[in-house]
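The first residue of the sequence shown is numbered 1, and numbering continues consecutively from there.
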Amino acid sequence: MAKTQLNVRVDEGTARTARERALERGMSVNRYIEELVRQDAGEAGHTFVEAAADFMKQYETVFAEEFGADREGEREGRR
């Protein structure tokens, strides 16, 4: 995959922390930042799934009434 250069400005404390964390993990600062961005991007999908699960849990009884096991037999009988 082709690489694109991205320049960012951060305060010295953030830069120092990035260097230290990258060193602790045995990787370059570039690689460390790249991994953070990938994790963050993946987190969006995870957050969506969690929100959907919370929604389903909150409205579980409504869905059970509309699409529950007792209604399943009705739908199967129509086939």
Side-chain angles (χ1 to χ4, degrees):
M1 176 187 335
K3 297 283 184 171
T4 299
Q5 184 172 339
L6 177 66
N7 296 313
V8 297
R9 293 184 184 272
V10 296
D11 62 61
E12 185 53 42
T14 301
R16 183 175 43 256
T17 300
R19 289 184 199 106
E20 290 169 357
R21 299 295 171 107
L23 183 63
E24 290 170 3
R25 289 166 174 75
M27 61 177 64
S28 69
V29 174
N30 287 337
R31 177 68 187 267
Y32 175 67
I33 299 299
E34 187 175 14
E35 291 294 320
L36 288 176
V37 172
R38 284 186 180 152
Q39 288 174 11
D40 185 54
E43 194 66 28
H46 180 69
T47 301
F48 172 78
V49 170
E50 284 183 344
D54 288 343
F55 174 84
M56 290 299 294
K57 187 174 184 178
Q58 183 177 359
Y59 292 99
E60 181 176 14
T61 56
V62 174
F63 281 91
E65 289 172 4
E66 183 66 23
F67 305 106
D70 57 327
R71 299 285 306 260
E72 185 67 31
E74 292 177 21
R75 283 193 301 273
E76 287 177 3
R78 294 182 199 158
R79 293 181 188 172

* To do: Verify the cluster assignment for Val10 and Val29: are they in a single hydrophobic cluster under the rule of side-chain heavy atoms below 4.5 Å apart?
  => no

* To do: Indicate yes or no for a side-chain donor-acceptor contact from Arg25 to the backbone of Arg21 under 3.5 Å, with no hydrogens or angles considered.
  => yes

* **Presence of salt bridge, Lys3 and Glu34, under 4.0 angstrom** => yes

* Gap separating the CD atom of Gln5 from the CG atom of Asn30, nearest 0.5 angstrom -> 8.5 Å

* To do: Give, for atom OG1 of Thr61 and atom CD of Glu66, the distance between the pair rounded to the nearest 0.5 Å.
  => 12.0 Å

* To do: Supply the atom-to-atom distance Glu12 CD to Thr17 OG1, rounded to the nearest 0.5 angstrom.
  => 9.5 Å

* To do: Identify the two heavy atoms, one from Tyr32 and one from Ala22, that lie closest to each other, and give their separation to 0.1 Å.
  => CB-CB, 3.8 Å

* Asked: With hydrophobic residues grouped by side-chain heavy-atom distances under 4.5 Å, do Met27 and Ile33 end up in a single group?
  -> yes

* **Within one Ile-Leu-Val-Met-Phe-Trp-Tyr cluster: Phe55 and Val62, side-chain cutoff 4.5 Å** => yes

* Carboxylate-amine/guanidinium contact Arg38 Glu35, below 4.0 Å -> yes

* Nearest 0.5 Å, what's the NZ-CZ distance between Lys57 and Phe63? -> 15.5 Å

